[in-house]
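Predicted model only: the values in this text are computed from it and were never measured. In each ligand, atom 1 is the first atom listed, and ligand 1 is the first ligand listed.
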Amino acid sequence: MPTPIITLKHVSRTFRVKRHLIKAVDDVSLSIGEGEIVCLVGESGCGKTTTGKMIAGLLAPSAGTIEFCDQAINQMARAAFRKYRLGVQMVHQDPYASLNPTQTIYDIIAAPLRHHKFTRAGADTRARARELLTLVDMTPPDDFLDKFPHQLSGGQRQRVSIARALTVNPSFIVADEAVSMVDVSIRIGLLNLLTRFRDQLGMSFLFITHDLALAKFFAWEGRIGVMYLGRLVELAPARDLIARPQHPYTQVLLSALPEADPQVTRNKPRIELRSMDVPSLMRLPTGCAFHPRCSKFIGNVCERVVPELTAAHGAHVACHLIKPGP
Ligand code: SF4
């Protein structure tokens, strides 16, 4: 296990919606090491984006602590927190909305360089902008610097978003559905680019996606965490989770994953859920939140007792069926 760079300890986040208190993230504990890739997967509303925003310092936890190199970020002095915010950058899902349409690519990249005083003179800024575009494979950079976002393809726009995140030399990237809005053919190029940053610059990644196939590809050397209705239900090395999923919800997700060979996909055994309805966050089920849908439901204990995330056979799993073990 690499040295932890970010550690979440029993982190929860609630939101008030009208008269309801919604627990978007509930008691999540997780460490991400230096140069590690961790993917968070789950259906929309499972709390993965809220977790990413808390790690990026954009939202404060309602309970629990987030530590950066063993220091709680909510106890950092203003200057240290500012440094933390620069060190952890977020790449958003929508490259159409995240780039200002009235600015050129040069303006978009130059703004954080100047604001955080990474460059001073105009020539320095232009040279660094060229370097950053080259780093994200937009070459020759001079072909792009004076263009506007609408003149670029979706994949090129996402590369500009990544270049902008790199302006402040981050050591940790939270990529929230960062390749979901680009063509399938372009996704692999972007994921390979991020993997290269991990290999060459030692960056760590929290990659948030609803697509387990993408998580499998990107986190093959790392770990995958599966979230369900705000809780982490399984966390394991990606290879183990794909080969031997332990939590019934992970098994359902994997049973629906298409394989390269359509025949294999057709012959995959389907897991029947007890219900197709996803419970509302406003009325979370008691006990294990997955119990109204779980095909392996074992009665009273599932309905009444919230299963804790426990070490089990090389993974961490939250299910009463799984016996703890090394
Ligand atoms: Fe299913 Fe019970 Fe395990 Fe929940 S605790 S996943 S309901 S078997």
Side-chain angles (χ1 to χ4, degrees), residues 8-14 20-31 38-51 63-64 208-216 219 223-258 268-326:
L8 278 68
K9 292 184 176 167
H10 304 289
V11 167
S12 300
R13 172 72 204 201
T14 47
H20 295 276
L21 210 56
I22 288 181
K23 216 166 207 182
V25 173
D26 187 8
D27 197 19
V28 168
S29 294
L30 164 75
S31 269
V38 172
C39 286
L40 276 187
V41 298
E43 294 160 314
S44 72
C46 70
K48 51 194 191 311
T49 293
T50 305
T51 304
I208 294 166
T209 178
H210 64 278
D211 184 344
L212 191 54
L214 274 184
K216 177 181 166 187
R223 288 181 296 154
I224 296 178
V226 179
M227 290 189 75
Y228 185 75
L229 291 179
R231 290 183 75 92
L232 197 55
V233 296
E234 183 160 2
L235 176 68
R239 292 164 194 254
D240 296 347
L241 185 129
I242 300 295
R244 290 179 299 285
Q246 297 189 61
H247 193 281
Y249 178 59
T250 315
Q251 292 169 356
V252 171
L253 292 182
L254 272 163
S255 76
L257 195 67
K268 258 183 158 181
R270 295 262 155 218
I271 299 175
E272 295 298 329
L273 289 167
R274 296 206 303 153
S275 159
M276 294 305 285
D277 297 331
V278 183
S280 161
L281 280 170
M282 292 196 192
R283 281 181 301 280
L284 279 177
T286 55
C288 170
F290 190 52
H291 88 253
R293 302 171 76 195
C294 179
S295 59
K296 298 194 173 162
F297 172 74
I298 47 172
N300 242 349
V301 66
C302 297
E303 281 174 342
R304 294 184 178 197
V305 183
V306 178
E308 295 297 327
L309 195 71
T310 312
H313 320 293
H316 285 80
V317 191
C319 171
H320 296 304
L321 263 185
I322 310 294
K323 298 275 168 278

Between atom 1 (Fe) of ligand 1 and H320, is there an N, O or S atom separated by less than 2.8 Å?
-> no
Which of the ligand 1 atoms, numbered from 1, are nearer than 4.0 Å to a heavy atom of C319 | 3 (Fe), 5 (S), 6 (S), 8 (S)
Measure from the side-chain N and O atoms of R274 to the backbone N and O of H291, and report whether any donor-acceptor pair falls under 3.5 Å.
-> yes
Are L40 and L232 close enough that some pair of their side-chain heavy atoms sits under 4.5 Å apart?
-> yes
Minimum side-chain heavy-atom gap T286-R304 below 4.5 Å = no
Under 4.5 Å between any side-chain heavy atoms of E308 and D27, yes or no?
-> yes
In terms of atom number and element, which parts of ligand 1 are under 4.0 angstrom from non-hydrogen atoms of P248?
-> 6 (S)
min-distance protein heavy atom vs atom 8 (S) of ligand 1 -> K296 O, 3.5 Å
Any idea which atoms of ligand 1 are less than 4.0 Å away from a heavy-atom of C288?
-> 4 (Fe), 5 (S), 6 (S), 7 (S)
Residue and atom name of the nearest protein heavy atom (relative to atom 2 (Fe) of ligand 1), distance in Å to one decimal = C302 SG, 2.3 Å
How about E43 and Y249: do any of their side-chain heavy atoms sit closer than 4.5 Å?
-> yes
Using a strict 4.0 Å cut-off to heavy atoms of H247, name the atoms of ligand 1 that fall inside it.
-> 6 (S)
Heavy atoms, side chains only, cut-off 4.5 Å: are I224 and V41 in contact?
-> yes
C294: numbered ligand 1 atoms lying under 4.0 Å from its heavy atoms = 1 (Fe), 6 (S), 7 (S), 8 (S)
